[in-house]
Asks: 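Here it is, the structure, as structure tokens.
If you read the sequence from its start, that first residue is 1, and numbering goes on from there. Quick note: numbers below take in every heavy atom, side chains included, and nothing from hydrogens, waters or symmetry partners.
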Amino acid sequence: MNRHLLVGRYGPDDQISIPGASDEQVTDLQLVAGEKSLDHGIGGALTSLKALGVHPTEIGLDLLVLAAHVHAADTRISRAEQSQDSWTREIRLVVPVSDPNRWNGAAQTVKRTLDFLTGDRWTIGFRQRPERFAEIITPPATLLPPVFDAVSLFSGGLDSLIGAIDLLEEGRTPLLVSHAGEGATSDAQNVLFTALKKHFSAAAFDRLRVWMLFPADLVQGVSSENSTRGRSFLFFALGVFAGTGLETDFVLRVPENGLIALNVPLDPLRLGSNSTRTTHPYYIARWNDLLSHLGISGRVENPYWAKTKGEMASACANPALLKALAPHALSCAHAANARHLGIKGRGIEQCGYCLPCLIRRAALDAAWGRGNDTTPYTLPDLRAHPLGTRESNGQQVRSFQFAIERLRAAPHLAKLLIHKPGSLADEALRLDQLAAVYQRGLAEVAQLIEGVETTSG
């Protein structure tokens, strides 16, 4: 096990000494390609926004650079190899920024946010950018404000699709923000965005889509990591980065149903960050603390936190469009399973039995009635034969059965259980509603898996 120090560098001449401790493995993260072009998708993001008439602030750019450090560390430092408990890594970042004094005042909030999100132990430090990069943002050539009046995350999933449709049906002009990751997710984003542009052909909405990848050998002698618990920090940072280029106070919309946002562990083995916290209320509250510390005039909000996924689908402002596009929205955690299993004629598709697939199937059944979801699933019929709980196609079903049975036996536990993924101290006034959406979300899944047989054999 090593502790790790990741040091951002603005070009090969940025050689300021950053001492590492004796037990720290030091890795330089080169942020510049060529003479002055920013690497890892950051320069491309600036160019894309400029073409859309959006000019983010230097602090907004700093935030994306910080997110690049986080994403590099999160994806290129193996948990199994570099932690004592096969999970918790110790990571220190030194990030070059435009205003170190302002960022140092926010360092503790960044740490709290990342510790909660990933389950690692982060230490965050900031230093001045080199003089050659003191100012990076190109001033706008025109005084005309950007056309966009909203910023919304657009992941390629069902919830973000509903969020986009609802905004467009309101007559809004959103800037949709995507992180283009692996192929299936990227393809889903493209298909959905193209369909939305065709349907809302008179609307001036657009999107920012950023690729951010790092070499597999970035951290020498260390394997990569695929748990990606920190990915939403990059996703949120992209949204805020774009939002700082809008003239008015902006709201970054994070469309996510309440059941997934709370992500209450279904069984006792999924405590802490082993249960993802990507849109958890505490996490969003810490982001708003961070924006306040940085003087960024904007907020992060989940407008659907009090709804189940089924309720989101039922209340969508254009149900016919949603029904047509839903099969192309990718919710699955194992979208390549059919291809990997060698099922003839099947490629990338939703497995139908992972946790997000079960919630999706339950939601669309609740919204449209059983049998009206036309999404192809690798496992189309959950009742065709008993599902083994030692196999991937039965594990999540059994976990849901456990959680549903527990709550039926003791409904009063709902308020206690929603605290398991993390504190809700900042959301105390919402406790009754949060408990209620958790119960309603489980009730949707209960309808889906009623009569499904699981076996431990």
Side-chain angles (χ1 to χ4, degrees), residues 6-11 14 29-33 36-52 54-76 93-100 102-103 106-107 109-110 113-114 117 122 124-130 133-138 146 148 151-155 175-181 207-214 218 228 230-246 250 252 254 278 286-288 290-291 293-298 300:
L6 199 65
V7 179
R9 301 287 185 184
Y10 270 97
D14 180 7
L29 177 62
Q30 184 53 255
L31 299 166
V32 177
K36 203 172 180 180
S37 298
L38 297 186
D39 205 354
H40 312 302
I42 301 170
L46 284 170
T47 300
S48 296
L49 287 182
K50 183 178 179 181
L52 295 172
V54 177
H55 297 265
T57 65
E58 296 287 351
I59 291 292
L61 176 60
D62 288 340
L63 183 58
L64 184 54
V65 169
L66 168 61
H69 287 68
V70 172
H71 195 56
D74 185 48
T75 59
R76 293 296 175 259
L93 307 178
V94 177
V95 184
V97 293
S98 62
D99 187 345
R102 191 187 303 191
W103 276 100
T109 299
V110 176
T113 305
L114 291 173
L117 178 65
W122 296 82
I124 315 293
F126 299 97
R127 66 178 181 91
Q128 186 72 49
R129 288 182 199 161
F133 292 91
E135 293 185 359
I136 297 174
I137 303 298
T138 304
F148 307 106
V151 187
S152 188
L153 298 188
F154 190 69
S155 66
L175 177 60
L176 305 178
V177 176
S178 302
H179 172 242
R207 68 169 170 167
L208 170 66
R209 185 165 174 264
V210 178
W211 286 85
M212 185 174 287
L213 298 171
F214 300 93
L218 175 69
T228 61
R231 185 172 181 267
S232 81
F233 192 87
L234 171 60
F235 209 179
F236 280 41
L238 283 169
V240 173
F241 162 70
T244 63
L246 304 184
F250 68 91
L252 172 60
V254 182
T278 55
R286 299 290 71 74
W287 261 95
N288 287 322
L290 176 59
L291 300 191
H293 283 307
L294 294 175
I296 293 176
S297 184
V300 180

Asks: Under 4.5 Å between any side-chain heavy atoms of F236 and L153, yes or no?
Replies: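 Yes, close enough: below the 4.5 Å cut-off.
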Asks: For G243 and V151, work out which heavy atoms get closest and say how close.
Replies: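 Taking G243 first and V151 second, the nearest heavy atoms are CA-CG2, 4.1 Å.
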Asks: Report the C-alpha distance between R209 and F154 in whole Å, list the side-chain angles of each, state the deciding distance to 0.1 Å, and finish with yes or no for side chain to side chain contact (heavy atoms under 4.5 Å, CB included).
Replies: CA-CA 9 Å; R209 185 165 174 264; F154 190 69; over 6 Å; no
Asks: Starting at OG1 of T75, measure out to CG of L218 and round the result to the nearest 0.5 Å.
Replies: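 So the gap between those two atoms works out to 8.0 Å.
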Asks: For H69 versus G8, what's the shortest heavy-atom pair and its separation?
Replies: NE2-CA, 3.1 Å
Asks: Show the nearest heavy-atom pair for residues P96 and D62, with the distance to one decimal.
Replies: O-OD1, 4.4 Å
Asks: Applying the side chain to side chain contact (heavy atoms under 4.5 Å, CB included) test to L114, which of D74, I124, T109 qualifies?
Replies: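 Exactly one candidate clears the test, I124.
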Asks: Restricting to ring pair (Phe, Tyr, Trp, His ring centres under 6.0 Å), what partner residues turn up for F233, sequence neighbours left out?
Replies: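 F233 satisfies ring pair (Phe, Tyr, Trp, His ring centres under 6.0 Å) with W287 only.
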Asks: Could you walk me through whether T278 and F235 pass side chain to side chain contact (heavy atoms under 4.5 Å, CB included), step by step?
Replies: CA-CA 10 Å; T278 55; F235 209 179; over 6 Å; no
Asks: Please examine the side chains of I136 and R129, heavy atoms only from C-beta on, and report whether any two atoms are closer than 4.5 Å.
Replies: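 A side-chain contact exists here, since the closest heavy-atom pair is under 4.5 Å.
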Asks: List the residues meeting salt bridge (Lys or Arg N to Asp or Glu O under 4.0 Å) with E135, not counting sequence neighbours, and say none if there are none.
Replies: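 Per chain and number, E135 pairs via salt bridge (Lys or Arg N to Asp or Glu O under 4.0 Å) with no residue.
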Asks: Taking side chain as C-beta onward, heavy atoms only, is V70 less than 4.5 Å from L66?
Replies: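 They are in side-chain contact.
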Asks: Kindly indicate whether the side chain of H179, heavy atoms from C-beta on, has any atom under 4.5 Å from the side chain of H71.
Replies: yes
Asks: For residues 41-51, dump all side-chain donor-acceptor pairs below 3.5 Å to protein atoms at least two apart in sequence or in another chain.
Replies:
residue	atom	partner	partner atom	Å
T47	OG1	G43	O	3.1
S48	OG	G44	O	3.0

Asks: According to salt bridge (Lys or Arg N to Asp or Glu O under 4.0 Å), who are the partners of D99, at least two apart in sequence or on a separate chain?
Replies: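 For D99 the salt bridge (Lys or Arg N to Asp or Glu O under 4.0 Å) partners, ignoring immediate neighbours, are R102.
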Asks: Sequence neighbours left out, what passes salt bridge (Lys or Arg N to Asp or Glu O under 4.0 Å) with R207? Give chain and number order.
Replies: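 Once residues adjacent in sequence are excluded, R207 has no partner under the salt bridge (Lys or Arg N to Asp or Glu O under 4.0 Å) criterion.
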Asks: Do V110 and T113 have side chains that get closer than 4.5 Å, going by heavy atoms?
Replies: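 V110 does not reach T113 side chain to side chain.
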Asks: Could you tell me whether the side chain of Q30 reaches within less than 4.5 Å of the side chain of D39, counting heavy atoms only?
Replies: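 Heavy-atom side-chain distance check fails, nothing below 4.5 Å.
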Asks: Can you list the residues that meet the side-chain contact (heavy atoms from CB on, under 4.5 Å) rule with A106, with sequence neighbours excluded?
Replies: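 With sequence neighbours excluded, A106 shows a side-chain contact (heavy atoms from CB on, under 4.5 Å) to L290, H293, L294, given in chain and number order.
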Asks: Specify the closest pair of heavy atoms between A73 and L6, including all atoms of both residues, with the distance to one decimal.
Replies: N-CD2, 4.0 Å
Asks: Could you walk me through whether S98 and L61 pass the side chain to side chain contact (heavy atoms under 4.5 Å, CB included) check?
Replies: CA-CA 9 Å; S98 62; L61 176 60; over 6 Å; no
Asks: Between the main-chain N or O of T138 and the side-chain N or O of H55, is there a donor-acceptor pair closer than 3.5 Å?
Replies: yes
Asks: Quick check: closest heavy atoms across V177 and A242, and the distance to 0.1 Å?
Replies: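 Looking at all heavy atoms of both residues, the shortest contact is CG2-CB, 4.4 Å.
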Asks: Side chains of P56 and T244: does their closest heavy-atom pair fall under 4.5 Å?
Replies: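 Yes - at least one pair of side-chain heavy atoms lies under 4.5 Å apart.
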Asks: For residues R76 and F214, report the shortest heavy-atom separation together with the two atoms involved.
Replies: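 Shortest heavy-atom separation between R76 and F214 comes out as NH2-O, 2.7 Å.
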Asks: Which distance, rounded to the nearest 0.5 Å, do you find between the OG of S152 and the CG of L252?
Replies: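 S152 atom OG to L252 atom CG measures 7.5 Å (nearest 0.5 Å).
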Asks: Give the C-alpha distance, both sets of side-chain angles, the deciding distance and a yes or no for side chain to side chain contact (heavy atoms under 4.5 Å, CB included) between M212 and L64.
Replies: CA-CA 11 Å; M212 185 174 287; L64 184 54; 4.3 Å; yes
Asks: Hey, does L38 have a side-chain heavy atom less than 4.5 Å from the side chain of Y10?
Replies: yes
Asks: Measuring from D14:CG to R9:CZ, what's the distance to the nearest 0.5 Å?
Replies: 5.5 Å
